[in-house]
Every structure is written in structure tokens, then in C-alpha cells.
Amino acid sequence: MPWGQSEMATWLSRQTAKRSYEADVLRVIETLRLRYDVAQYGCLEYHPQNYPLFAIKSRVWRASLPCALVTGGVHGYETSGVHAALQFVDQHGAAYEGGVNLVVAPCVSPWAYEVVHRWNIHAIDPNRSFRDPSPAPESAALMRFVEPFRDRVLVHIDLHETTDSDESEFRPALAARDGVVHVPGQIPDGFYLVDDSEHPQPEFQQAVIAAVAKITHIASADHRGEIIGSPMVAPGVIRYPLKQLGLCASITNAPYKTTTEVYPDSPRATDAQCTSAQVAAVCAAIDYALAHRGTDRSSGKALRTDERRG
């Protein structure tokens, strides 16, 4: 049976803070204010705690330039995405000044970051909620913030992780919440990307994979030729219908978009490597998009025509 109010209340009573959004994220953002503009785009009023939502933006914003959007922490428990978004701004953001307007939302789901969970306080997955109207205030706030410049975004990279707890905790919890049978899956060992099946950009995805492969290993397909139940269409790449699923990477009309998935539980990777891999993915994504600006839409149409022939 799907959860009712009693089951929801029991689940919520078990969620406790294990780390600090203020210490890990807000204090780092404060150190970046000397070099970047910081915009508060919302506040989650989750009694008894309020969580202000911030984005870091290029200080010199030029209307003639395209935008690059980086999002992290849509799933709060996926740690490297949050830390990598902040590290990218600190270490690499200045290199893109004059070439692109940067917008970085490092921690979209701060309550979930603190309690180390996939869902928000209402047991809703924000990364299935980027639709209007959204049931998740985290998703709704980010969509409102992005709306004024959504058509100017050239590239959007959304930073995620696939963890062992997906299989041991979060997928069983999802099945319990919805009153369905949990079907066990297999967690891939390594980094992979999720492309948009409606507007695929295979060369862009492979450029990101090539950059990340210098830092950590890329996930292989399972015996069915799949990664987490989806066919691997190229080394380390699967495809989802981003907008249909309400995923964060669908919130703009960017011709170049991807969702990263790093594997922090691998015995072959450290936490530092995972964060570095995410940073490398961001840099590679922006570099490729800028280098191929103006050629994206025609190539995308050609790719879809070829796929129909196949």
C-alpha cells in the first residue's frame, strides 16, 4: 500500500541532520562574493529551519554573451556535485570571464544535503519535479530563477552521483512509498552521463567523457549492454527523455545539456577524485559548447534524422 500520513510522519521523524549547509555551502559562497555576484533566488521554509537558496553569477554580466548553467545538489545526498560546483567557481570561473555568463546553483536541495537524502522534506524527488506546477519548492524556485534567461543558456550541466545507497536505501524506499514491488538493480562502477533522448548531442557527451576519463574510470555496460536499465549508446553515455521525466537538465532550451553521474563508492575512486571529475566535466562541457557555438542545432537535426533511419 502507498504511504499515508502516518507512514510519512514516521519517515520524517527518522531524518536527522548529519552535516551543515551553512558550514559547507553558505560560508564558501561568502568567500566568493568578492569576485562574483551572489543572488538569493528563494528560501525553503522547512519548520523549524529556513534554508536560503543562492546562485553565483558572473560579476560582469554581458547581454551579448550566452549563459552557462551549472547545478549541483538537486539530490542533496550527492555530495561531490555540491562541492564541485563551488570548486569550479573558485578555481576556474575567472577563466570564462568575457566568454560566457556563468550561473552556478551549487546546492538546490539544502535540507536534503543536511539529512543526506534523495528526497525533500515532503518525500518528493526534486529531480522528477521540474515541471509546472512543481510539487517540490526546490525545483519551483530554480525554475523561476532561470526563467528570465532560460533561452540564452548555451550549456547546462547538472551534477549528480550514483551511489550504493541508491540500491540499498532509496529505491526500496521509493517502492515502499508508492506501494509497489522493488525490483533490484545493479549499480555501475564508474562515471557516466545522461544525454537528452529528444535532442541528443553525442559528440558533446563524448568530449565530457574524454575529459573525465583522465581523472576517474568510466562505467561499463552490464551483460545486457545497459547502465542502470538503459542502453549504453556510447562509452559511458545513456539517454533519458529529460523534459518528460521532469529532470533538472530540462529546465532550459540549451542545445548542450547533460547530467553527470559519478560513483563515489567505488574502491577505484576517492572523494577528491569524484569532485575533480565533476569539475573536469563542467570545464569540458563549457569548452565544447563555446567551441561549437552556432553549429549545435543543425547537427542535432542531422543526428535525429540518422537515428530514424536506424
Side-chain angles (χ1 to χ4, degrees), residues 1-26 40-54 71-79 81-82 105-147 158 160-185 187 228-229 240-251 259 261 265:
M1 295 293 292
W3 284 1
Q5 292 185 351
S6 175
E7 290 84 1
M8 286 284 295
T10 298
W11 169 81
L12 183 58
S13 70
R14 294 171 177 165
Q15 308 309 312
T16 58
K18 301 171 180 66
R19 55 191 179 184
S20 170
Y21 172 63
E22 180 178 1
D24 296 352
V25 179
L26 298 185
Q40 181 174 347
Y41 65 89
C43 184
L44 302 177
E45 297 180 357
Y46 285 169
H47 183 77
Q49 183 75 28
N50 290 338
Y51 296 91
L53 301 169
F54 289 101
T71 47
V74 173
H75 289 144
Y77 73 108
E78 296 173 1
T79 307
V82 176
C107 191
V108 175
S109 298
W111 179 85
Y113 176 84
E114 289 200 333
V115 303
V116 192
H117 211 286
R118 182 180 182 89
W119 298 339
N120 70 6
I121 201 170
H122 306 296
I124 293 171
D125 187 340
N127 205 38
R128 296 300 185 274
S129 304
F130 287 94
R131 52 173 56 92
D132 191 22
S134 175
E138 297 87 348
S139 308
L142 185 64
M143 288 191 294
R144 285 194 301 269
F145 172 64
V146 169
E147 177 62 29
D158 188 32
H160 285 258
E161 295 180 346
T162 298
T163 68
D164 287 344
S165 60
D166 287 356
E167 190 60 38
S168 64
E169 179 180 354
F170 298 124
R171 289 174 187 166
L174 175 63
R177 185 198 69 182
D178 295 345
V180 299
V181 175
H182 170 60
V183 179
I187 299 298
I228 59 168
Y240 284 172
L242 302 181
K243 186 168 289 293
Q244 178 183 327
L245 293 176
L247 303 184
C248 182
S250 73
I251 63 174
T259 301
E261 296 285 354
D265 298 316

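As the structure is a computational prediction, the values presented were derived from the model and not from experiment. Worth knowing before you read on, the calculation uses all heavy atoms, side chains too, and leaves out hydrogens, waters and symmetry mates.
- Smallest separation of non-hydrogen atoms from K18 and V115: NZ-O, 3.3 Å.
- The OG1 atom of T163 lies 4.5 Å from the OH atom of Y77; values are rounded to the nearest 0.5 Å.
- W11 and W119 have tilted rings, their planes meeting at an angle from 30° to 60° on a 0 to 90° scale.
- Across all non-hydrogen atoms, the minimal contact from L53 to C43 is CD1-N, 4.2 Å.
- Between the side chains of E114 and Y51, at least one donor N or O sits under 3.5 Å from an acceptor N or O.
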- request: Step by step, work out the side-chain contact (heavy atoms from CB on, under 4.5 Å) result for L142 and F130.
  value: CA-CA 9 Å; L142 185 64; F130 287 94; 3.8 Å; yes
field: R118 vs E78, side-chain contact (heavy atoms from CB on, under 4.5 Å): CA-CA, chis, key distance, verdict
entry: CA-CA 8 Å; R118 182 180 182 89; E78 296 173 1; 3.9 Å; yes
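- Between Q15 and H117, the shortest heavy-atom contact is OE1-CD2, 3.3 Å.
- Side-chain atoms of D158 do not come within 3.5 Å of backbone N or O of C248 as any donor-acceptor pair.
- Formation of a donor-acceptor pair under 3.5 Å by the S134 side chain with backbone atoms of S129 is found in this model.
- Cation-pi geometry between R144 and Y41 is not met: the NZ or CZ atom fails to fall both under 6.0 Å from the ring centre and inside 45° of the normal.
- The distance from atom CZ of F170 to atom CG of D125, rounded to the nearest 0.5 Å, is 10.5 Å.
- A donor atom on one side chain and an acceptor atom on the other are not found under 3.5 Å apart for S109 and E138.
- At distances below 3.5 Å, at least one donor-acceptor pair connects side-chain atoms of R177 with backbone N or O atoms of A123.
- P137 approaches L44 most closely through the heavy-atom pair CB-CD2, 3.9 Å.
- Between V181 and A175, the closest heavy-atom pair is C-CB, 4.1 Å.
- Annotation: side chain of L26 is in contact with side chain of P52 (closest heavy-atom distance under 4.5 Å).
- R19 places a side-chain N or O within donor-acceptor distance of the main-chain N or O of Y113, the cut-off being under 3.5 Å.
- To the nearest 0.5 angstrom, T162 atom OG1 is 10.0 Å from H75 atom NE2.
- Distance check, rounded to the nearest 0.5 Å: CD1 of I251 to OG1 of T71 gives 6.5 Å.
- At least one donor-acceptor pair closer than 3.5 Å links the side chain of E167 to the backbone N or O of G185.
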query: Can N127 and H160 be said to form a side-chain contact (heavy atoms from CB on, under 4.5 Å), step by step?
result: CA-CA 10 Å; N127 205 38; H160 285 258; 3.5 Å; yes
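- Separating the CZ atom in R131 from the CG atom in L247 is a distance of 8.5 Å, to the nearest 0.5 Å.
- V25 approaches V82 most closely through the heavy-atom pair CG2-CG1, 3.7 Å.
- Inter-residue side-chain proximity for H182 and L174 is flagged as unmet; no heavy-atom pair is nearer than 4.5 Å.
- Atom CG of L12 and atom OH of Y46 lie 10.5 Å apart (nearest 0.5 Å).
- Using a distance-only test at 3.5 Å, with no hydrogens or angles considered, no donor-acceptor pair links the side chain of S250 to the main chain of G246.
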